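First the structure, in the form of structure tokens, and then the observations on it.
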Amino acid sequence: MFSGIQPSGDLHLGNYLGAIKNWVDAQHDNDNIFCIVDLHAITLPQPPAELHRRIRDQAKIYVASGLDPKTTAIFVQSHVKEHAELAWLFNCVTPLGWANRMTQFKEKSAEVKGQSSVGLLAYPMLMAADILLYQTDGVPVGDDQRQHIELTRDIAQTFNHHYGEVFKVPEAWIRKEGARIMSLQDGAKKMSKSDPPGCVFLLDEPEVIATKVKRAVTDSGRDVRFDVERPGLLNLLTIYQLLSGSTRDQVEGHFEWQGYGAIKRELAELVV
Ligand code: AQP
């Protein structure tokens, strides 16, 4: 099992529920390698001192979240130069059209208004190198990384086709629930570090967490159900379900007859 997170901002509940919690839950069934992917972070400009702080904080959060450093390799990507070397080989076998099609590249390059680096375009080949370097079977990630894992599989298959069976073709391990935690301010957007009001950071103070949860945008309905037509409520119930370890039926039963205010109060306490 291999996965990583970029130290491009402070870690949030989406990173925890979509990725880290799944790593922790599966750590005893696998050989584990978890990385702090700083070379990925610098595909967009980062203040050096801040980047240094975030790398150390992220390592602490991995361990504080329950990853056991005795059985799990935890390291900084740039400390192992083979990631960059293998990425270069993959840059040379990947058609440009494949990289151009990546949704994340399109979104992030639009954010920087055409000023994106070559590194941002090459991001998925570096991610393929991270994964394929270790003959990985499974990559536990959130839903937004599905396309990059598909590309990783294509790169492995292309390389193997030309040069013999070198790389294991990995699978994305994406859980159905929690694969996409949404912004607390907009149920149509994923929770993301670039949107602080809609994002609960793992290192937020308890009062800040409580305020963010209580201000979460919901509809004006009354009955409490996991309903795709009501994305704000669906998101809150999903977070509650994952953190409490309950089933959907149990969560709906627990909150039956209660207003959204009560749900937010209880959820805030649970998240804190
Ligand atoms: N909202 C989310 N729900 C579930 N999983 C998520 N992940 C990220 N956001 C959510 C998962 O966290 C891991 C780390 O991803 P990353 O290093 O690519 O971080 P990110 O996606 O860049 O985080 P942000 O906050 O979304 O960054 P910006 O603001 O830059 O767009 C991955 O497994 C990812 O799926």
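This chain uses plain numbering: 1 for the first residue, then up along the sequence. Each ligand, and each atom within it, is numbered from 1 in the order the structure gives. Since this is a predicted model, take the numbers as computed values, not measurements.
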Does the side chain of Phe226 come within less than 4.5 Å of Glu177's, by heavy atoms?
no
Shared hydrophobic cluster, Leu237 / Val272 (ILVMFWY, side-chain heavy atoms < 4.5 Å):
yes
Would you indicate whether the side-chain heavy atoms of Lys212 and Gln185 approach each other to under 4.5 Å?
no
For Gly178, the ligand 1 atoms whose distance to one of its heavy atoms is below 4.0 Å
4 (C)
Using the six-membered ring wherever Trp is involved, compare the ring planes of His83 and Tyr134 and label them parallel, tilted or perpendicular (cut-offs 30° and 60°).
tilted
Return the CD to CZ distance between Glu50 and Arg54, rounded to the nearest 0.5 Å.
4.5 Å
Using heavy atoms and a 4.0 Å limit, tell me yes or no: is Lys108 in contact with ligand 1?
yes
I want to check something: taking the side chain as every heavy atom from C-beta on, are Leu132 and Thr152 in contact at a cut-off of under 4.5 Å?
yes
With atom 34 (C) of ligand 1 as the reference point, say which of Asp10, Asp144, Val139, Ile181 has the nearest heavy atom.
Asp144
Mode of His12 contact toward ligand 1 - side chain, backbone, both, neither (heavy atoms, under 4.0 Å):
side chain
Heavy atoms only, cut-off 4.0 Å: how does Arg180 contact ligand 1, side chain, backbone, both, or neither?
backbone
Of all the atoms in ligand 1, which lie at a distance below 4.0 Å from a heavy atom belonging to Ser194?
28 (P), 29 (O)
State whether the number of non-hydrogen atoms from other residues, nucleotides or ligands found under 6.0 Å of Arg248 atom CZ is greater than 12.
yes
Going by atom types alone, do Gln104 and Asp144 pair a side-chain donor with an acceptor below 3.5 Å?
no
If you define the side chain from C-beta out and look only at heavy atoms, does anything of Ile149 sit under 4.5 Å from Ile174?
no
List every atom of ligand 1 that sits less than 4.0 Å from any heavy atom of Gly18, numbering the atoms from 1 in the order shown and giving each element.
4 (C), 5 (N)
Indicate yes or no: at least one non-hydrogen side-chain atom of Ile131 is less than 4.5 angstrom from one of His148.
no
Nearest-contact summary for atom 26 (O) of ligand 1 - protein heavy atom, Å:
Lys190 NZ, 2.6 Å
Side chain, backbone, both or neither: which part of Ala19 comes within less than 4.0 Å of ligand 1 when only heavy atoms are counted?
side chain
Just going by heavy-atom distances, which of Pro7, Pro140, Gly14 is nearest to atom 2 (C) of ligand 1?
Gly14
Protein heavy atom at shortest distance from atom 33 (O) of ligand 1
Gly142 N, 3.2 Å
Which residue supplies the protein heavy atom nearest to atom 18 (O) of ligand 1, what is that atom called, and how far is it?
Gln6 NE2, 3.3 Å
Under 4.0 Å between heavy atoms, the region of Ala179 that gets near ligand 1 turns out to be backbone
Please report whether ligand 1 has a polar contact with Val141, defined as an N or O pair separated by less than 3.5 Å (distance criterion only).
no
Does the pair Lys168/Asp137 count as a salt bridge with the N-to-O cut at 4.0 Å?
yes
Does an N or O anywhere in Ser8 fall below 3.5 Å from an N or O of ligand 1?
no
How far is atom 19 (O) of ligand 1 from its nearest protein heavy atom, and which residue and atom is that?
Lys193 NZ, 3.5 Å
Protein contact of atom 8 (C) of ligand 1 - nearest heavy atom, named by residue and atom, plus distance:
Asn15 ND2, 3.3 Å
Pick, from Lys189, Gln145, Met182, the option with the minimum heavy-atom distance to atom 32 (C) of ligand 1.
Gln145
